[in-house]
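Computed over heavy atoms, backbone and side chain alike; hydrogens, waters and symmetry mates excluded. Numbers here are sequence positions counted from 1.
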Amino acid sequence: MNKSLEILKTQRKYNQNKVRVEFICKSDSVDNFTLWYEFDKEYDTFLTDERCDAAVVALIFPAMRAGFKQISSKIPMSEKLYYNLKYQVIPNLVNSNPGIFRIDLDIPTTPVVWHGPLVVTGMSRGVDSFATYVEYFKECKLDRYRLNAFTYFQVGAHHGYDVPLGHGKESNQELYDNQLKQTKEFCNKYGLRLINVATNIDQVLNMRSMFMERGFDKSHTSRNCSVVMLLQKLISIYYYSSAYQLFDFMPKLNIDMAHYDKWLLPLLNTGSTEFYQSNQDWTRLQKVQKIAKYPECQDYLQVCLIKSGNCGYCTKCKRTLIELDSMGEDVLNSFGKSFDLDDYKQNYRKKWFSEILVEKDKPNGEAHFFDEAFVNAYYHHPEILGDLLPIKNPNISKVVLKDKVNIRDLPSLLSNILSVGSKGDTFTYLGEGGAWVGIQNEKHQKAFVKKSFVDLI
């Protein structure tokens, strides 16, 4: 069956100080469904609902995953966006994702462009968005590219879920409302313009009969960019804060979109609005180091997955506290308004750092963040790590290399390479920690090799 989506029409609805743009759509399995976006009424004259750009970008990636073969509309879309999707994005994603079929766009185009005055980024108050704030507001010297407004969108990020802990006590709406309140306070305090938009995009993409996204991460980039496309008359540049760098590039539709943001974002340009990934090539720890210099970032940092305000123990709170702590006591203490540091120091610090040798080598998306903090802690705050070789097997005395292998100064792939060993090279065994073995090298230095590349005798 050739599954298809059709964008039938757009309409606006008004309620007190709000204006809602609605895209009325249908598919083979749903006669009619409505994708809507709600703005403050002051943006009424800037809304770009004479184009279907927003709806197409919101729906196209979930539609490809769900096996749709066509998106059609009599409402035109921006010519540049149409070209980018049809001739660049779609064929490359099809080639990179076995089992995904090419989706056709049966949509007229228009070459008309606008030149809005705003340079914008999202302001979630997380590490990534605050790093963008530092990069393009505090430190940018190019006027055309300097931020002059911020956004806060309700596109599904406030899911309140952490894999180890499950769902928090606050509803999705409570998380959004409470965190928006704090973001407004931050922007008002520092004289920053904030545009907040609500939408039902999360509900649409989780419709059982159509997409069943089951994960915000698979479409967060396109969700946010779709909102921006309704403000093309106002926004000329939009910076998207992403967690991954170019070396993480994987254009796979079933994983976090952040893995291919650097490639995708420029291809969502409409001619009126340019999209860029921010934070250059900064690692996560470099971003934390950037924001740690600014009091407003220290006081308003919000990273928690399950609570408005930081719980101090979910996956993201844990990661951030370890990163801050790895920079030293003074840096950690400067974030006392964002975290309960007494609770962290009394109940979690020792436990988390004692586990970091194992955590940093686990095969998951969080591991390399812990690895970076581990190395930083060793060079700047070593007393917090304890013994790097907690296991000392009395029955083992020698370490024999099974292959050519790098010998490092720390048990981390991010650490310095002291030398390169060859198959059969033998060293004195000093102990084990996590996925690593400690040795005494030819210069009588303590060094480390991956346990999987050695025999212990």
Query raised in the report: Is a salt bridge present between R349 and E329, judged by a nitrogen-to-oxygen distance below 4.0 Å?
Result: yes
Requested in this report: State whether K307 and E170 are salt-bridged, where the test is any N-O pair (Lys NZ or Arg NE/NH1/NH2 against Asp/Glu carboxylate O) under 4.0 Å.
Outcome: no
Query raised in the report: Below 4.5 Å, heavy atoms only, C-beta onward: do I75 and E50 meet side chain to side chain?
Result: no
Requested in this report: Kindly say whether Y239 contributes a backbone atom to a donor-acceptor pair with the side chain of T121 at under 3.5 angstrom?
Outcome: yes
Query raised in the report: Is N92 reaching over with its side chain to a backbone N or O of Q88, donor-acceptor style, under 3.5 angstrom?
Result: yes
Query raised in the report: Taking the inter-plane angle between the rings of F186 and Y190 on a 0 to 90° scale, is it parallel (under 30°), tilted (30 to 60°) or perpendicular (over 60°)?
Result: tilted
Query raised in the report: Looking at Y300, does the NZ or CZ of R125 lie under 6.0 angstrom from its six-membered ring centre and within 45 degrees of the ring axis?
Result: no
Query raised in the report: Closest approach of L192 and F137, non-hydrogen atoms and distance?
Result: CD2-CZ, 3.5 Å
Report task. Using a strict 4.0 Å threshold on nitrogen-to-oxygen distance, state whether K218 and D256 make a salt bridge. Result -> no
Query raised in the report: Is T132 reaching over with its side chain to a backbone N or O of D128, donor-acceptor style, under 3.5 angstrom?
Result: yes
Query - Approximate separation, where rounding is to 0.5 Å, of C304 SG and Q179 CD - result: 8.0 Å
Query raised in the report: Does a donor on one side chain sit under 3.5 Å from an acceptor on the other, for R20 and T199?
Result: no
Report task. Mind telling me whether Y161 and H167 have parallel, tilted or perpendicular rings, with 30° and 60° as the class edges? Result -> tilted
Query raised in the report: Judged by atom type as modelled, is there a donor-acceptor pair below 3.5 Å linking the side chain of K141 to the main-chain atoms of R146?
Result: no
Query raised in the report: Can D177 and Q173 be counted as having a side-chain donor-acceptor contact under 3.5 angstrom?
Result: yes
Review item, side-chain donor-acceptor pairs of residues 105-119, under 3.5 Å, at least two apart:
residue	atom	partner	partner atom	Å
T110	OG1	V112	N	3.4

Query raised in the report: Is a donor on one side and an acceptor on the other found under 3.5 Å between the side chain of N200 and the backbone of Q203?
Result: no
Query - Proximity of Y348 and Y344 rings by center, below 6.0 Å - result: no
**Report entry** Minimum heavy-atom distance between L47 and L231, given as atom pair plus value
**Finding:** CD2-CD2, 3.9 Å
Query raised in the report: Does the ring of F68 carry K3 above it, NZ/CZ under 6.0 angstrom from centre and within 45° of its axis?
Result: yes
Query raised in the report: Between the side chain of E174 and the main-chain N/O of S171, is any donor-acceptor distance below 3.5 Å?
Result: yes
Query raised in the report: Do any N or O atoms from the side chain of S27 and from the backbone of L5 form a donor-acceptor pair under 3.5 angstrom?
Result: no
Query raised in the report: Are any of the side-chain nitrogens in R12 or E22 under 4.0 Å away from the carboxylate oxygens of its partner?
Result: no
Query raised in the report: In terms of the angle between their ring planes, are Y244 and H368 parallel, tilted or perpendicular, with boundaries placed at 30° and 60°?
Result: tilted
Query raised in the report: Charged N to carboxylate O below 4.0 Å: is that the case for K138 and E296?
Result: yes
Query - ring-ring contact (aromatic ring centres under 6.0 Å, His included) partner of H158, chosen from F216, F153, Y176 - result: Y176
Query - Test item: N84 side-chain N/O and L267 main-chain N/O as donor-acceptor pair under 3.5 Å - result: yes
Report task. Please confirm whether Y136 and Y276 have ring centers closer than 6.0 angstrom. Result -> no
Report task. Compute the ring centroids of F374 and F370, then answer whether they are less than 6.0 Å apart. Result -> no
Query raised in the report: Taking atom types as modelled, is there a side-chain donor on T221 or Y260 under 3.5 Å from an acceptor on the other?
Result: no
Query raised in the report: For the side chain of D44 and the backbone of K18, is there at least one donor-acceptor N/O pair under 3.5 Å apart?
Result: no
Query raised in the report: For I90, does its backbone N or O pair with a side-chain atom of R102 as donor and acceptor, under 3.5 Å?
Result: no
